[in-house]
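Proteins get letters first, then strands, A, B, ... in listed order; numbering begins at 1 in each. Because only heavy atoms are used, hydrogens play no part in the values below, and waters and symmetry mates are left out as well, while side chains stay in.
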Amino acid sequence: MAVVETRGVKKHFGKVRAVDGVDLIARDGEFLVLLGPSGCGKTTLMRMIAGLEPPTAGDILIGGQVVNDLPPRARRVAMVFQSYALYPHKTAFDNIAFPLKAQGLRKDKIKEKVEWAATMLGITHLLERKPRELSGGERQRVALARAIVREPAVFLLDEPLSNLDAKLRHAARDELKRFQRNIGTTTLYVTHDQIEAMGLGDRIAVMHAGQIRQIGTPYEVYHEPADTFVATFVGTPPMNLIARDDVIIGFRPESFLPKEVYNAHDDLVKFHFHVRRVEHLGSDRLLYGSLMGKDDLSVIAKLPLTVSITIHEGCSYEFAVRAGDLKFFERETGLRTEAQPL
Amino acid sequence: MEIAQKVHHARWRYLLDRERLLSSLLLSPAIGYIVLLIGVPLLFAIYLSFTNAISGHLEADFVGLKNFRAIVTDPIFLQALKNTFIFTFVSQVIVLILAKVLALALVKSFPGRPILRFLLLLPWVAPISLTTLAWDWVLGASNSSLSVINWTLRAVGVLGPNDWIYWTAFPEAAMAAIILIHVWRMLPFATIIILAGLTSIPQEIQDAATIDGAGPWRRLFEVTLPLMLPIVAVAVLFGIIFTATDMTVVYILTRGGPYNSTHVLASLAWQRGIFGGQLGEGAAIAVFLLPLLLVVAFLMLRLARRTEVT
């Protein structure tokens, strides 16, 4: 187990700044998620930690030691790739045994460890099969077994769930989290899926354009976004943002409810909401519309099933947000700022 | 009336939308070509090999296996058979090793790579008869005083003013020269095929092996080479068939000499059947390898399919 740290890490490909000065610490045993849109540099950052790409500048530390000049095999990291990258010509057993063979372990020791890893992931019955004879979920387990078998100090997971179908992904997420808690290895997990990030991460580092915009617990990232990028990237639908003078006011769609829902003593900020369209999503209703009287801005409201007030398309209603649920951002920089009187 | 007319037009207009018709139409030139220019001559050659046909005569009698019985006791035929195996096997082994090394080098990006790739292809695109003539000149096979190698060796002082090396005058040297040309000629093709196989291996698999702690040698032998096996099998299959059935190199460079020591089946068949006029015997020599090559092709294609990945 180890702390993983990056200090001012940069990676430039010609003029493109894929990673542009990242300072990050993953604590011992922590599950840290790198979350960001495609091309934000999260995979490049992970590849640098793995040793597959040399950084243009900055230091990478694993267990307190600068590993910039160490080859991947000396870094005690294991990686699970998006495609699982199993060796197609080897059986599951030989796939899992491969890192051990590379270490030069004895045959009986290899067998013992492969069986240990396979038991842990419940794939002992699949060991004689080739990857093409395995389902997506089974391949993922083989890839995980190959990663844990040499007991690495750090796990690097690059979107390992994105090739699974939606139903399986749910179960796999739960399993992965329990598994990581059991073995307690520091884990870095790259994803563009915010639900995965919120569900799995002890902390989430939100990346954009090669930089980290915020590091925090899922709660912090969701409820106290550091800037407008995080506010709109995390959460579906995204946070409503309204520009006003030199600030941007933000509120979550689920904090934007009909006035009648609130208690009389709540400190409310009220809006006239003209509903353009209603979407019924089963557990929620999404209301698309605009704020009238203000700047005629598009906003979305998300009403849980428990709010049964009838809403018609094309009508206007009195909606409100608790004053405490309003977030304020600087208009110029998009950064979070103090609450201001409206 | 109008609708009926439209339907009538439509029948012709959408004729090519029928996939079965279209596919037969598109395939027919290729099938016609294969049947007329390969199938018919092949069947005719097989027929001839069981007759006593000689050139200039239209009639021939069926003689059963007589031609085959005659050639298997003929020392020149046995030598040619042996040579065919040696040339094919040795040149393919050398081609495979060199092609793999070249492909591994060419898959990396470096300045001048496009030019190098282009130059590499030249031996393959030039007509084999012309390039063999060029080699004839390089080796001085027809006239050793013209040999580029001899003049070069002389210029650097290895050979004296009146020394000449006859590069194709001894059986061993002549065989080596033929193998050299076959290697030189097959190398581009094999390299390009192996290069294609190499670039088709996903980067993530190479990365995974690196992270798993495999050094360059282990990656090469445990990951890269096994994954390239199907495509290498195709390269070898083509190489064997091209080399085993070629007569141009032998015919132009040595004419089977010295003392029939470098004949291969194809050149011997040509000599007996066309020059000697013994069409039946020539055909028997020519089709002798057919069953063996069919087996080779079958095994190679099976290997390629069995090792197919993902």
Side-chain angles (χ1 to χ4, degrees), chain A residues 43-44 46-53 70-91 94-105 130-134 139 142-160 163, chain B residues 96 99-100 103-104 107-114 193-237 299-310:
Chain A
T43 296
T44 308
M46 179 171 275
R47 288 174 63 83
M48 286 192 284
I49 294 169
L52 293 171
E53 306 266 1
L70 292 184
R73 64 174 183 273
R75 296 188 181 198
R76 297 193 55 219
V77 297
M79 192 158 169
V80 176
F81 293 85
Q82 187 169 3
S83 66
Y84 312 134
L86 297 177
Y87 309 120
H89 56 295
K90 291 180 187 286
T91 60
D94 289 332
N95 264 281
I96 302 169
F98 188 76
L100 302 175
K101 267 173 79 183
Q103 281 180 347
L105 250 61
K130 294 260 180 82
R132 66 166 176 275
E133 299 160 331
L134 299 172
R139 283 182 207 186
V142 174
L144 271 175
R146 186 175 68 182
I148 62 160
V149 76
R150 64 200 167 118
E151 299 171 65
V154 181
F155 270 138
L156 303 173
L157 308 177
D158 187 3
E159 312 221 9
N163 280 347
Chain B
L96 261 191
K100 196 151 293 171
L104 285 172
V107 80
K108 300 267 187 299
S109 173
F110 56 86
R113 183 175 71 166
I193 286 194
I194 290 176
L195 194 59
L198 208 54
T199 43
S200 72
I201 298 178
Q203 185 58 39
E204 281 201 346
I205 288 192
Q206 300 280 7
D207 287 343
T210 309
I211 300 242
D212 281 344
W217 288 109
R218 187 180 291 274
R219 279 211 301 282
L220 178 66
F221 284 105
E222 284 211 38
V223 178
T224 310
L225 291 186
L227 289 180
M228 287 170 59
L229 205 58
I231 206 126
V232 169
V234 172
V236 170
L237 175 63
L299 289 180
M300 285 287 176
L301 289 175
R302 222 176 78 131
L303 173 74
R305 213 182 41 230
R306 198 168 56 82
T307 50
E308 217 163 8
V309 292
T310 62

(request) Measure the CZ-CZ distance between R218(B) and F98(A) for me, rounded to the nearest 0.5 Å. (result) 6.0 Å
(request) Please report the closest heavy-atom contact between A50(A) and I211(B), naming both atoms and the distance. (result) CB-CD1, 3.4 Å
(request) Could you tell me which non-hydrogen atom of E204(B) sits nearest to which non-hydrogen atom of Y84(A), and how far apart they are? (result) OE1-N, 4.4 Å
(request) Please flag which part of L86(A) lies under 4.5 Å from any non-hydrogen atom of chain B: side chain, backbone, both or neither. (result) backbone
(request) Check A102(A) against A214(B) and note the closest heavy-atom contact, atom names and distance. (result) CB-N, 4.1 Å
(request) Please report the closest heavy-atom contact between G215(B) and R73(A), naming both atoms and the distance. (result) CA-NH1, 4.1 Å
(request) Go through the atoms of E222(B) and report whether side chain, backbone, both or neither lie under 4.5 Å from a heavy atom of chain A. (result) both
(request) Considering only heavy atoms and a distance below 4.5 Å, find which of K90(A), R75(A), Q103(A) pairs most often with chain B. (result) K90(A)
(request) Calculate, to the nearest 0.5 Å, the distance between atoms CG and CG belonging to D212(B) and N95(A) respectively. (result) 8.5 Å
(message) For D207(B) versus R47(A), what's the shortest heavy-atom pair and its separation?
(response) OD2-NH1, 2.6 Å
